[in-house]
Amino acid sequence: MISTSLTILAIESSCDETAAAVIQEGKIISNVVSSQPIHHTYGGVVPELAARAHQANIVPVVTEALAAAAINKTALHAIGFTQGPGLLGALLIGNCFAKALAFSLDIPLIAVHHMRAHILANFIDPPVPSFPFVCLTVSGGHTQLVWVKDYLTMEVLGETQDDAVGEAFDKIAKLMGMGYPGGHLIDHYAKKGNPHAFVFPITHMPQLNFSFSGIKTAFALFIQKKSAAFVETHLADICASIQAALVRMLLDKLVEAVQQTNTGVVALAGGVAANSYLQQQLKILASQYNWEIFIPATPYCTDNAAMVAITAYHQYQIRSFAPLSTPSLPRMPF
Ligand code: KG4
Ligand code: ZN
């Protein structure tokens, strides 16, 4: 007999993480993420290899998520999945699997927007933000300022016009010969460095937009002129200085967004939200401007299915179900 507690399985496969989570009555009861180390060899995500790895991982990951939740698939009321944005081949694996499961169990399918899910990661554990609030969403593929009016009503106030900040972190790490993805390594080395040791040019874009291509090029030119020995000796200072410049660009625009929207509630989301310097600087701003701030726990900042599950749970409340013909959308409008 199907349990009366609303139980949803969610699947995430937009990039290089195969993930599944189970949510019951709005509480995450299991959350499994399988990363794909194969991309480390190539210094970036290889789309076809990502799709192949999702294909190999999806059944074990879903099986583990159901086992960890101690439920049988027949107890599920709906299947949520990431519709986009992301890599097409990677998205297709999650999409087809979710549809097949929903079809065989004869339960609704829920198509979730990956960036909206990153924002709703702020609602997985208490304390949670009150509406409306401004969210700075910073990942490997996106950098956005979003005005969040409700769980499902959001408006992009501004965004990057070229690279995402996570992409800039990763390219900069690569230029210093670090592994992929390098964002967390810059964060790690920067902890012992001086953020004022080197000066990198900051780009101020009109309105609430961002641009990270200029600072990336400036960093490439800086590194070209330095010897490997210099970079090694000054690694902590270089990491701290470039990280401080990137974080400053993010937070300058966040301050503008908060002033324009006249809110006092601010959240972070996405993989770069795990950055310790960004979090520390946000806390300083929060006490200066009297903001209430929210940052998801690190496993909910980087790609995961718990964030897809909480979004699917809220979509279920308004019966926002998707037909079994729903396509994957590599570029999915907000
Ligand atoms: O949200 P996410 O897992 O995937 C996308 O949707 O893109 O974000 C991945 C990005 C990568 O660029 C990674 O380097 C960055 O998040 N990242 C960090 C940190 N942890 C992950 N960047 C800076 N500092 C960190 N601690
Ligand atoms: Zn993501």
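Both counts, for ligands and for their atoms, begin at 1 and track the order of listing. Computation of the quantities below employed the complete heavy-atom set of this structure, encompassing side-chain atoms and omitting hydrogens, waters and symmetry-equivalent molecules.
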Margin query: Using a 4.0 Å cutoff against the non-hydrogen atoms of Ala274, which atoms of ligand 1 qualify?
Written below: 26 (N)
Check: Would the number of heavy atoms belonging to other residues, nucleotides or ligands and lying under 6.0 Å from NZ of Lys226 be above 12?
Finding: yes
Next item on the list: Using a strict cut-off of 4.0 Å, indicate which atoms of ligand 1 neighbour a heavy atom of Gly271.
Entry: 1 (O), 2 (P), 8 (O), 16 (O), 17 (N), 18 (C), 19 (C), 20 (N), 21 (C)
Notebook entry, point to check: Which ligand 1 atoms are under 4.0 Å away from a heavy-atom of Gly141?
Noted result: 7 (O)
Next item on the list: Report yes if the distance between the aromatic ring centroids of His114 and His118 is under 6.0 Å, otherwise no.
Entry: yes
Next item on the list: Kindly check if the number of other-residue, nucleotide or ligand heavy atoms within 6.0 Å of OH (Tyr189) is above 12?
Entry: no
Checklist line | Per-atom contacts, ligand 1 versus Gly183 - under 4.0 Å to a heavy atom | finding: 14 (O), 18 (C), 19 (C), 22 (N), 23 (C), 24 (N), 25 (C)
Check: In the protein, what heavy atom is nearest to atom 24 (N) of ligand 1, and what distance, to one decimal place, separates them?
Finding: Asn275 ND2, 3.0 Å
Notebook entry, point to check: Of all the non-hydrogen atoms in the protein, which one sits nearest to atom 2 (P) of ligand 1, and at what distance?
Noted result: Asp303 OD1, 3.4 Å
Next item on the list: Report yes or no: does Ser320 contribute a side-chain atom to a donor-acceptor pair with the main-chain N or O of Gln315 at less than 3.5 Å?
Entry: no
Notebook entry, point to check: Just wondering, is there an N, O or S atom on His142 that's nearer than 2.8 Å to the Zn ion (ligand 2)?
Noted result: no
Next item on the list: Identify the protein heavy atom lying closest to atom 15 (C) of ligand 1, giving its residue, its atom name and the separation to 0.1 Å.
Entry: Val272 CG2, 3.9 Å
Note to self: Atom NZ of residue position Lys191 - does it have more than 12 heavy atoms of other residues, nucleotides or ligands inside 6.0 Å?
What the structure shows: yes
Check: So is Glu17 in contact with ligand 1, going by heavy-atom distances below 4.0 Å?
Finding: no
Item checked: Asp303: its N/O/S atom lying closest to the Zn ion (ligand 2) (atom name) -> OD1
Notebook entry, point to check: Heavy atom under 4.0 Å from ligand 1: found in Asp187's side chain, backbone, both, or neither?
Noted result: side chain
Check: Numbering the atoms of ligand 1 from 1, which are under 4.0 Å from a heavy atom of Gly140?
Finding: 5 (C), 7 (O), 8 (O), 9 (C), 10 (C), 12 (O)
Checklist line | Flag if over 12 foreign heavy atoms under 6.0 Å of CD, Gln280 | finding: yes
Note to self: Taking the ring of Phe123 and the ring of Phe131, is the distance between their centroids below 6.0 Å?
What the structure shows: yes
Notebook entry, point to check: Does Arg248 come within less than 4.0 Å of Asp252, counting only side-chain N to carboxylate O?
Noted result: yes
Note to self: List ligand 1 atoms under 4.0 Å from His118, heavy atoms only on the residue side.
What the structure shows: 1 (O), 6 (O)
Note to self: So does Gly183 get a backbone contact from the side chain of Asp170, meaning a donor-acceptor N/O pair under 3.5 Å?
What the structure shows: yes
Next item on the list: Return yes or no for this condition: an N or O of Asp170 is under 3.5 Å from an N or O of ligand 1.
Entry: yes
Margin query: Tell me the contacting part of His142 for ligand 1: side chain, backbone, both, or neither, using a 4.0 Å heavy-atom threshold, strictly below.
Written below: neither
Check: Should you measure from each heavy atom of Gly166, which atoms of ligand 1 turn up under 4.0 Å away?
Finding: 12 (O)
Check: Hey, is there an N, O or S on His114 sitting under 2.8 Å from the Zn ion (ligand 2)?
Finding: yes
Checklist line | Atom of Pro195, atom of Tyr277 and distance for their closest heavy-atom approach | finding: CB-OH, 4.2 Å
Notebook entry, point to check: Got more than 12 heavy atoms from elsewhere within 6.0 Å of CZ, Arg319?
Noted result: yes
